[in-house]
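I have placed the structure first, in the form of structure tokens, so that the comments after it can refer back to it.
All residue numbers refer to positions in the sequence shown, counting from 1. One-based numbering, in listed order, for ligands and for the atoms of each. Just so it is clear, the model here is predicted, and its values are computed rather than measured.
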Amino acid sequence: MTSYTSRWTIADALKVHADDPTTTMPVIDQDFPTMDEAVMIWDTGALRNIHGQTVTFKGWHVIWSLAVDKIDLSDADIYDEWHSRNDRAYIGYWFSKTGSGDDWQWGGRLLKTTADLRPHEWSGGLVMREGTGNVVDMFYTSEADSPVNQSVPSVSSGQIYADANGVWFDGFETTTEMFSADGVHNANAQQDEYFDFRDPHPFMNPDDGRIYCLYESNVPGMRGAFTIGSEEQGVLPPGFSVSAGAQYGAASIGIAVLDDGAYKRGDFSRDQWTQLDPLVTALGVNDQMERPHVVFKDNYTYLFTISHHSTYSGGLSGPDGVYGFVSETGLFGPYKPLNSSGLVLGNPSAAPYETYSHFVDPDGYVQAFIDTLPAPGNDPNNPQTFRIGGTLAPTVKISLEGDRTFLSEVHGYGQIYAQAAWPVGAAWDHRPTV
Ligand code: FRU
């Protein structure tokens, strides 16, 4: 297969501007509701099929979230508990009859602790296994900080059950590691002690029926030792010179392909995957492109990823939010940045850290979590005046119009829209209907 690495250039990123109403999240109300007072959640995703459609199971809506249990329910320590949450992160789940966002019930841990190869469970996706009645694969990131940074896209499998009273799971007793940063297609811990290698997103490519997996990664090579050449720069305005430190931005969107036949066998082990060249790199622009995911629509392939204001390099800047790229020639590109700049939905400058971890579904509904919201009239950059979120943000909808996107609708907090009901006993060759 022809693979092509596209670039998010410095010239593209110079077009990123906060507060354009077509690419900006609405300012969230100070009185936002909290899903559950005993737990704080952030990265979240809906139960889906391998084609990317959000599915219901026996009529129930199901989502997974990264979670921590609150230690101090009085909220006295909420700033510390929230900002150290990655050290205690586990994956939990919610279920709801309506998906409206008003009736999520917390189901607790998804993976048994026997599945943990490392202390932290970070993002991935919860996917019904095609051709089965109720097998579900939780793709996730198995993470440890010491003695060196370890981050391995992994999967644990189980079964989903539901009756009139709710949803529960069984299994999820062991973990299979999928692949590791190899220093060739992406930076490993020896090259970059801050390397990112996480957030596996498997899907079936409608063009060839094969199973691929996207993931967050960095460009291979020693941290800070990159040359930012004309391909990374793009067409820069006269007199513009690349700022010092640009080479510390080295994000990439990685992709691996699964051997034919392995998906049907439920075999996701290391020898079944082949890593390919990354789909997009952001060398000279930004050091993180997280939670990459894909939407196929109208012969366009949309690649979405989340990124931070703080991970831009070389004096570039942009809001925390979801960014994206579009290809007219299928999964392997070439891709160009959506809206010319790459910005799809950023936080408003009045509340620059209000939301993060946006995930775009095939119909353009975007779900995210509330991070920190400045109290009215207070300095949006002073942590003492924040209200901490730890709960889902209002779901918004974007309209995908070729190489442009537009914010078009604002819905309820944590509202989820399913594209399909999981067909119990689904045929292997089930294809998306939207
Ligand atoms: C995105 C992210 C993911 C990671 C998780 C850890 O918000 O940084 O890349 O899996 O959060 O909390």
Looking at Arg198 and Glu290, does any basic side-chain N land under 4.0 Å from a carboxylate oxygen?
yes
Enumerate the atoms of ligand 1 whose separation from the nearest heavy atom of Trp42 is less than 4.0 angstrom.
12 (O)
Pairs of nitrogen or oxygen atoms closer than 3.5 Å, one from Glu216 and one from ligand 1: do any exist?
yes
Atom indices of ligand 1, in the order listed, that fall short of 4.0 Å to a heavy atom of Asp43
1 (C), 2 (C), 3 (C), 5 (C), 7 (O), 11 (O)
Taking it one step at a time, do Trp94 and Ser65 satisfy side-chain contact (heavy atoms from CB on, under 4.5 Å)?
CA-CA 8 Å; Trp94 306 87; Ser65 294; 3.0 Å; yes
Ion pair Arg7/Glu232, N-O distance below 4.0 Å
yes
Does Glu290, backbone or side chain, put an N or O under 3.5 Å from an N or O of ligand 1?
yes
May I ask whether Arg291 places a heavy atom under 4.0 Å from ligand 1?
no
Pro202 and side-chain contact (heavy atoms from CB on, under 4.5 Å): which partner among Leu214, Leu258, Ile50?
Ile50
Quick one about Glu130 and Asn49 (side-chain donor to acceptor, distance below 3.5 Å, no hydrogens or angles considered), yes or no?
no
Distance under 4.0 Å to a non-hydrogen atom of Ser123: what atoms of ligand 1 satisfy this?
10 (O)
Please indicate whether Arg223 has more than 12 foreign heavy atoms, meaning atoms of other residues, nucleotides or ligands, lying under 6.0 Å from its CZ.
yes
Would Asn86 count as a polar contact of ligand 1, with the cut-off being nitrogen or oxygen pairs under 3.5 Å?
yes
Heavy-atom contacts with Leu66 under 4.0 Å: which atoms of ligand 1 show up? List them by number with element.
5 (C), 6 (C), 12 (O)
Exactly one of Tyr212, Phe325, Tyr215, Phe304 should register a ring-ring contact (aromatic ring centres under 6.0 Å, His included) with His293. Which one does?
Phe304
Distance from atom 3 (C) of ligand 1 to nearest protein heavy atom, with residue and atom
Asp199 OD2, 3.3 Å
Atoms of ligand 1 less than 4.0 Å from Tyr356 heavy atoms?
1 (C), 7 (O)
